[in-house]
Amino acid sequence: MPLATTHRAGLVDQVIEQLRTAVREGEWPVGERIPTEPELSEQLGVGRNTVREAVRALAHTGLLEVRQGDGTYVRATSEVSGAIRRLAGSELREVLQVRRTLEVEGARLAATERTEDDVAELRALLARRATELAEARWEDFARTDAEFHRAVVRAGHNGLLTELYLGLTEVVTASVAATSTITPGAEHVPEIGHEGLVDAVAQQDPDRAVAEACGFLDELLSRVESS
């Protein structure tokens, strides 16, 4: 994919998107060094500071890796897979522990405060999630599953809890992917369903909602701790 000259405002965001697309479409395979900062600056028609900031942002997400004195290399094909690389061992365990703290209370609130529209959204996300799982679309599945959990928390209609949980969007998505598949090409780990949680929320049964949320998160924690 040839890089295009950037013209409008938001130059850093535009450069980030072009670099992200080049990686996603295989222009630069994983492990390959990308063009140098001066080369990218010339191809994109932007200053070197803009390129540097965009590369720094993508390195932070795990998509790129900056090796001092050597260059910048492609580390992953997407931010999700890049984040998975960082979520290993005890760090993944810590993410799941924080998820458990927030999602269990989120489930309890959802069961008492949900609206019919909230329930409809949860069921629609479950259906989409099931389709993506059946088609082995792992990254789409991870994003939809994370969106489902956000929707559960949002259904509790506690603005502060929702904002706190939104701040974990990237790591929640990565933790879903990390606990659903091991590595590309590896055998799929049995999926944990969420139908019981949605039913509990729909039936306004907070005790069951808490039990359902605790159950699947405890299972994920046990998988990590035994791996």
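What you see below is based on every heavy atom in this structure, not just the backbone, and it leaves out hydrogens, waters and symmetry mates.
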Short side-chain to backbone donor-acceptor contact, E39 and T36, under 3.5 Å: yes

Heavy-atom pair with the smallest gap, counting every atom of R99 and S175: NH1-OG, 3.1 Å

Contact summary for V201 and A110, nearest pair of heavy atoms: CG1-O, 3.7 Å

Cation-pi geometry met for R150 and Y165 (6.0 Å, 45°): no

Donor-acceptor pair, side chain of T162 and main chain of N158, under 3.5 angstrom: yes

Test log, rule side chain to side chain contact (heavy atoms under 4.5 Å, CB included), inputs E147 and R129: CA-CA 10 Å; E147 187 177 345; R129 178 181 181 273; over 6 Å; no

Side chain to side chain contact (heavy atoms under 4.5 Å, CB included) between E65 and T72, intermediate numbers included: CA-CA 6 Å; E65 179 184 2; T72 299; over 6 Å; no

Pair E91-R93, salt bridge (charged side-chain N to carboxylate O under 4.0 Å, His left out): steps then yes or no: CA-CA 5 Å; E91 186 178 348; R93 179 171 176 268; over 6 Å; no

Full working for salt bridge (charged side-chain N to carboxylate O under 4.0 Å, His left out) between D70 and R33: CA-CA 9 Å; D70 188 17; R33 184 168 59 186; 3.6 Å; yes

Residues D199 and R123 bridged, charged N to O under 4.0 Å: yes

CG-NE2 distance between L125 and H149, expressed to the nearest 0.5 angstrom: 10.5 Å

Same apolar cluster: V95 and L164, side chain cutoff 4.5 Å: no

Minimum heavy-atom distance between G62 and R75, given as atom pair plus value: O-CB, 3.4 Å

E27 side, atom CD; E32 side, atom CD - distance, nearest 0.5 Å: 8.5 Å

CG on L44 to CD on E42, rounded to 0.5 Å: 10.5 Å

Any side-chain heavy-atom pair of E17 and T21 under 4.5 Å: yes

Min side-chain heavy-atom separation E121-R154 under 4.5 Å: yes

Side chain to side chain contact (heavy atoms under 4.5 Å, CB included) evaluation trace for I34 with V74: CA-CA 7 Å; I34 71 172; V74 178; 3.7 Å; yes

Full working for salt bridge (charged side-chain N to carboxylate O under 4.0 Å, His left out) between E105 and R108: CA-CA 5 Å; E105 178 61 15; R108 185 187 70 79; 2.5 Å; yes

NZ/NE/NH1/NH2 to OD/OE distance under 4.0 Å, R56 and E53: no

Interatomic spacing from OG1 in T112 to NE2 in H157 - rounded to 0.5 Å: 9.5 Å

Cationic N near anionic O, under 4.0 Å, D218 to R100: yes

Under 3.5 Å donor-acceptor, S41 side chain and P38 backbone: no

Connected via hydrophobic side-chain network under 4.5 Å: L64 and V66: yes

Spatial distance of atom CG (L96) from atom OG1 (T101) [nearest 0.5 Å]: 11.0 Å

Under 3.5 Å: donor-acceptor pair, side chain of R114, backbone of A202: yes

Residue list, salt bridge (Lys or Arg N to Asp or Glu O under 4.0 Å) with E135, at least two apart or on another chain: R137

Nearest heavy-atom neighbours spanning C214 and V104: SG-CG2, 3.6 Å

Any L161 side-chain heavy atom under 4.5 Å of V153 side chain: yes

Contacts of type ring pair (Phe, Tyr, Trp, His ring centres under 6.0 Å), residue F148, not counting sequence neighbours: H194

ILVMFWY cluster, W138 and V176 together (side-chain gap under 4.5 Å): yes

Side chain to side chain contact (heavy atoms under 4.5 Å, CB included) assessment of T115 paired with D118: CA-CA 5 Å; T115 66; D118 292 329; 3.1 Å; yes

Distance in Å, L92 CG paired with Q97 CD, rounded so as to fall on 0.5 Å steps: 10.0 Å

A200 to A111 - nearest heavy-atom pair and separation: O-CB, 4.2 Å

Nearest heavy-atom neighbours spanning L197 and A107: CD1-CB, 3.9 Å

ILVMFWY network linking V198 to L217, side-chain heavy atoms under 4.5 angstrom: yes

hydrophobic_cluster_shared for F216 and L126, side chain cutoff 4.5 Å: yes

Whether T144 side chain and F141 backbone form a donor-acceptor pair below 3.5 Å: no

